[in-house]
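Here the structure comes first, spelled out in structure tokens, and everything after it is commentary.
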Amino acid sequence: QVQLVESGGGSVQAGGSLRLSCAASGYTYCVGWFRQAPGKEREGVARLFIGSGSTYYHDSVKGRFTISRDNAKSTVYLQMNSLKPEDTAMYYCAASRGGYCRLLPNDYAYWGQGTQVTVSS
């Protein structure tokens, strides 16, 4: 079983940075970050394989966001730089214990509670 707790959200100006953290308990094969803005579908932002550190990003955040892990702390991070107003959303950490790890919500069985990111122009 897996429990996930996100932290690090907040309000920043466009061009600013935030680092989100996802503290995980239990075994995780991969961890993804997703976001959902009001009236929009939940979309995948980035994912990481815990064992290898291999990463994948949605095109909209590539070059601006970095997903990483600290296995000793059982924590996955999402460093968000050059933030834009369109990045405003509730951000969720999600984990899978095996199988596909695409940027699709159904691939992940375990979810955190979410942390709000608001970017003002």
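Every value quoted in this text rests on a predicted model; they were computed, and no experiment measured them.
Residue pairs satisfying the salt bridge (charged side-chain N to carboxylate O under 4.0 Å, His left out) criterion with at least one member in residues 103-115, sequence neighbours excluded, are listed as follows: R102-D107. Listed by first then second residue, pairs satisfying salt bridge (charged side-chain N to carboxylate O under 4.0 Å, His left out) with a partner in residues 49-60 read D59-K62, not counting sequence neighbours. Sequence neighbours left out, the pairs with a member in residues 51-109 that pass disulfide bond (SG atoms under 2.5 Å apart) are C22-C93, C30-C101. For residues 49-79, no pair satisfies disulfide bond (SG atoms under 2.5 Å apart), with sequence neighbours left out. Judged as a ring pair (Phe, Tyr, Trp, His ring centres under 6.0 Å), not a single pair has a partner in residues 77-100 (not counting sequence neighbours).
Listed by chain and residue number, Y29 satisfy the ring-ring contact (aromatic ring centres under 6.0 Å, His included) test with F49 (two or more places apart in sequence, or in another chain). Not counting sequence neighbours, the partners of Q1 by the side-chain contact (heavy atoms from CB on, under 4.5 Å) test are R97, Y110. Under the side-chain contact (heavy atoms from CB on, under 4.5 Å) criterion, A23 pairs with T75, not counting sequence neighbours. The salt bridge (Lys or Arg N to Asp or Glu O under 4.0 Å) test applied to E43 returns R35, not counting sequence neighbours. Every side-chain hydrogen bond (donor to acceptor under 3.5 Å, both in side chains) that Q79 has, sequence neighbours left out, goes to N81. By the side-chain contact (heavy atoms from CB on, under 4.5 Å) test, T118 is found to be paired with S11, T88, Q116, residues two or more places apart in sequence or in another chain being considered.
Smallest separation of non-hydrogen atoms from Y108 and G32: CE2-N, 3.8 Å. When all heavy atoms are compared, the tightest approach of F34 to G44 is CD2-CA, 3.4 Å. Between A14 and P85, the shortest heavy-atom distance links the atoms CB-CD, 4.1 Å. Among all heavy-atom pairs drawn from L4 and A95, the shortest one is CD1-N, 3.6 Å.
The shortest side-chain heavy-atom distance between R64 and D87 falls under the 4.5 Å cut-off. T66 places none of its side-chain heavy atoms less than 4.5 Å from the side chain of L78. Inter-residue side-chain proximity for L20 and M80 is flagged as met; some heavy-atom pair is nearer than 4.5 Å. Residues V12 and V117 form no side-chain contact, since every pair of their non-hydrogen atoms from C-beta on lies 4.5 Å or further apart.
Aromatic ring centres of F65 and W33: separated by at least 6.0 Å.
Rounding to the nearest 0.5 Å gives a distance of 7.5 Å between CD1 of I67 and OG1 of T55. To the nearest 0.5 Å, atoms CZ (R47) and NE2 (H58) are separated by 14.0 Å. With values rounded to the nearest 0.5 angstrom, S52 atom OG is found 7.0 Å from L48 atom CG. Taken from CZ in R42 to CG in L104, the straight-line distance is 13.0 Å, to the nearest 0.5 Å. Expressed to the nearest 0.5 Å, how far OG of S120 lies from CG of L83 amounts to 10.5 Å.
Linking Ile, Leu, Val, Met, Phe, Trp and Tyr residues whenever their side-chain heavy atoms come within less than 4.5 Å places V31 and V61 in a single cluster.
Taking Ile, Leu, Val, Met, Phe, Trp and Tyr as hydrophobic and joining them when side-chain heavy atoms fall under 4.5 Å apart, one finds L103 in a cluster with Y56.
Judged purely by atom type and a 3.5 angstrom limit, E6 uses its side chain to pair as donor or acceptor with the backbone of G114.
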